[in-house]
**Student:** 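Below is the structure I would like to discuss, written out as structure tokens.
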Amino acid sequence: MSQAAPRKTDIGPPQYEKFLPPIVKKNYGKWLYHEILKPGVMVHVAESGDKLFTVRAGSPRLISIMTIRKFCDFADKYCSGFLRFTSRNNVEFLLTDQTKIDPLIADLKAVGFPVGGLGNSISNIVHTQGWVHCHSSATDASGIVKSVMDDLIEYFTGMKLPGKLRIALACCLNMCGAVHCSDIAILGVHRRPPKVQHDNLKKLCEIPTLISSCPTGAIRTAMVDGKESVEIEEDLCMYCANCYTVCPATALNDPLNDGISIWVGGKVSNARHEPMFSKLAIPYIPNNPPRWPEVVSAVRNLVEIWAKDARKYERMGEWINRIGWPRFFKKAGIEFTKYHIDDFKFAGTTYKKSVHLKY
Ligand code: SF4
Ligand code: SF4
């Protein structure tokens, strides 16, 4: 009997240097400065005097192999076969010949890829799987992202905002991605407790893991019709779906009650102010596919009140800190409700403990 070839494993990703354009290899670590020449186009100048031009185009992130081939064709035509993707899933073409910038932009636009996302703009929306591929989603990702970016495209292709504005979306509060730390975050939420399938639970789930998955201790062991199962204390449940993540017999998806919450004021960078978590602005908007018009107009409203009021370079969270949350709710026309008040474990740290309130 012939021997099977040894299995190749633990080989890691390809060495990134193999894919660097020659100009980047030559000037690696020796860049002097960079400038944004116009929306979506920047130049890096090296100590050697070499210039590297970058053209950034938006991409829907979920792309077919045909689209990747199209990007490769453009890279072959304009950039000796080199391209890269950014941490917000934009695609960047790296050129050494400045005269090729405008023809590349024209080619990209002709097939539907807008150029922009640099400087004081709204760049791509970091997002998740939604109804395309994930079992625990309370909303869709690709559909909302397409609707919101269609509406805000002028802010992707232009640079007329006071500062950067980062939007992220996650379709459940596992928060895959960046919703907890974005200027505006769109987050899928459930509003009904799980329906326990007692017949299947013991066959499908580890009960101790299931019980310990609950952040509020709402799940207890129970015998139901002579079968080992669990019961859920519904008054303690806040519909996080963590139990469903570990146990398929506790589904809680509900087409009429699942929907969207919107959060504001998060940031990751240390510029001017330390990093901040996003905080709840709108507790619930119903799912309204395929274009989610209520979500689109809520996001536009937030962008516009911030853009009108913020100082140069002031991020959403910095602006709200300056004017105060009461004034933010007033300016945004958002009703402040009991749902905005933290009631989880160390909630007291978020309560106002002084008379310094700005109305
Ligand atoms: S955020 Fe939730 S629903 Fe969306 S991809 Fe992550 S785990 Fe799945
Ligand atoms: S949905 Fe969340 S809070 Fe409710 S029972 Fe499951 S884990 Fe607990």
Side-chain angles (χ1 to χ4, degrees), residues 60-63 87-89 124-148 166-182 184-198 200-202 204-222 224 228-263 266 277-278 280 283-285 287 289 292 295 339 342-345 347:
R61 186 185 70 93
L62 211 63
I63 50 178
S87 57
R88 300 192 79 82
N89 306 303
N124 224 345
I125 298 182
V126 167
H127 63 283
T128 49
Q129 309 206 41
W131 295 330
V132 173
H133 201 61
C134 194
H135 76 295
S136 67
S137 50
T139 190
D140 190 34
S142 300
I144 300 178
V145 164
K146 169 71 175 144
S147 306
V148 170
R166 300 288 181 239
I167 306 179
L169 178 147
C171 32
C172 87
L173 43 76
N174 276 348
M175 300 190 175
C176 303
V179 283
H180 62 296
C181 56
S182 294
I184 298 179
I186 304 166
L187 176 65
V189 286
H190 301 285
R191 296 195 307 163
R192 289 290 179 270
K195 298 179 194 78
V196 181
Q197 295 170 26
H198 298 293
N200 290 332
L201 190 133
K202 189 65 202 310
L204 296 172
C205 314
E206 286 181 350
I207 289 178
T209 315
L210 170 58
I211 289 173
S212 56
S213 73
C214 181
T216 60
I219 308 175
R220 287 129 204 219
T221 50
V224 181
E228 279 181 62
S229 184
V230 299
E231 64 182 10
I232 290 176
E233 187 74 53
E234 294 196 356
D235 284 350
L236 287 178
C237 175
M238 39 66 162
Y239 333 119
C240 70
N242 215 26
C243 50
Y244 181 46
T245 301
V246 301
C247 171
T250 57
L252 75 172
N253 309 59
D254 179 327
L256 292 180
N257 284 287
D258 291 350
I260 310 290
S261 58
I262 295 190
W263 302 64
F277 282 122
S278 335
L280 183 64
Y284 181 71
I285 300 173
N287 275 321
W292 280 269
V295 175
Y339 302 112
D342 194 354
D343 59 358
F344 189 71
K345 287 191 181 163

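Both counts, for ligands and for their atoms, begin at 1 and track the order of listing.
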**Student:** Can you tell me the protein heavy atom closest to atom 7 (S) of ligand 1 and the distance?
**Tutor:** Asn174 ND2, 3.2 Å
**Student:** Considering the heavy atoms of Ser137, write down every atom of ligand 1 situated less than 4.0 Å from one of them.
**Tutor:** 3 (S)
**Student:** Flag the pair Val179 / Trp263 as yes when at least one side-chain heavy-atom distance between them is below 4.5 Å, and no otherwise.
**Tutor:** no
**Student:** Heavy-atom contacts with Gln129 under 4.0 Å: which atoms of ligand 1 show up? List them by number with element.
**Tutor:** 5 (S)
**Student:** Suppose I only count heavy atoms of Thr128 and a 4.0 Å limit; which atoms of ligand 1 are within that range?
**Tutor:** 4 (Fe), 5 (S)
**Student:** Sort out for me which residue in Ile232, Val224, Ile219 forms a side chain to side chain contact (heavy atoms under 4.5 Å, CB included) with Val196.
**Tutor:** Ile232
**Student:** Considering only non-hydrogen protein atoms, determine which one is nearest to atom 6 (Fe) of ligand 1 and report residue, atom name and distance to 0.1 Å.
**Tutor:**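 In this structure, atom 6 (Fe) of ligand 1 has Cys176 SG, 2.3 Å as its nearest protein heavy atom.
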**Student:** Is any side-chain heavy atom of Ile186 closer than 4.5 Å to one of Trp292?
**Tutor:**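 No, too far: nothing below the 4.5 Å cut-off.
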**Student:** State which residues pass ring pair (Phe, Tyr, Trp, His ring centres under 6.0 Å) with His135; sequence neighbours excluded, sorted by chain then number.
**Tutor:**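 With neighbours one apart ignored, the set is Tyr244.
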**Student:** In terms of residue, atom name and distance, what is the protein heavy atom nearest to atom 2 (Fe) of ligand 1?
**Tutor:** Cys172 SG, 2.3 Å
**Student:** Specify the protein heavy atom at minimum distance from atom 4 (Fe) of ligand 1: its residue, its atom name, and the distance to 0.1 Å.
**Tutor:**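 Checking every protein heavy atom, the shortest distance to atom 4 (Fe) of ligand 1 gives Cys171 SG, 2.3 Å.
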**Student:** With heavy-atom distances below 4.0 Å as the criterion, list the atoms of ligand 2 near Thr216.
**Tutor:** 3 (S)
**Student:** Go through Ser147 and Val295 one step at a time and tell me if the side chain to side chain contact (heavy atoms under 4.5 Å, CB included) criterion holds.
**Tutor:** CA-CA 9 Å; Ser147 306; Val295 175; over 6 Å; no
**Student:** Does Phe277, at its CZ atom, have more than 12 non-hydrogen atoms belonging to other residues, nucleotides or ligands within less than 6.0 Å?
**Tutor:**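 Counting neighbours around CZ of Phe277, 12 or fewer heavy atoms of other residues, nucleotides or ligands fall under 6.0 Å, so no.
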**Student:** Protein N/O/S atoms under 2.8 Å of atom 6 (Fe) of ligand 2?
**Tutor:** Cys243 SG
**Student:** Quick test of your reading: applying side-chain hydrogen bond (donor to acceptor under 3.5 Å, both in side chains), list the pairs with at least one residue in residues 247-258, sequence neighbours left out, ordered by first then second residue.
**Tutor:** His190-Asp258, Arg191-Asn257, Arg192-Asn257, Asp254-Asn257
**Student:** Just so I know, are the side chains of Thr221 and Glu228 near enough to count as touching, which here means a heavy-atom distance under 4.5 Å?
**Tutor:** no
**Student:** For residues Val189 and Thr139, determine if any side-chain heavy atom of one lies less than 4.5 Å from a side-chain heavy atom of the other.
**Tutor:** no
**Student:** Please tabulate, for the side chains in residues 205-218, all donor-acceptor contacts under 3.5 angstrom to protein atoms that are two or more places apart in sequence or on a different chain.
**Tutor:**
{"from": "Glu206", "atom 1": "OE1", "to": "Thr209", "atom 2": "OG1", "distance (Å)": "2.6"}
{"from": "Ser212", "atom 1": "OG", "to": "Pro208", "atom 2": "O", "distance (Å)": "3.0"}
{"from": "Ser212", "atom 1": "OG", "to": "Thr209", "atom 2": "O", "distance (Å)": "3.2"}
{"from": "Ser213", "atom 1": "OG", "to": "Leu210", "atom 2": "O", "distance (Å)": "2.6"}
{"from": "Thr216", "atom 1": "OG1", "to": "Leu236", "atom 2": "O", "distance (Å)": "2.9"}

**Student:** Which heavy-atom pair separates Ala138 from Asn287 by the least distance, and what is that distance?
**Tutor:** O-ND2, 2.9 Å
**Student:** Among all protein non-hydrogen atoms, which one is nearest to atom 8 (Fe) of ligand 1, and what is the separation to 0.1 Å?
**Tutor:**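 The answer is Cys134 SG, 2.3 Å.
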**Student:** Under 4.0 Å from a heavy atom of Met238: which atoms of ligand 2 are those, numbered in the order shown and with their elements?
**Tutor:**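 Numbered from 1, ligand 2 contributes 3 (S).
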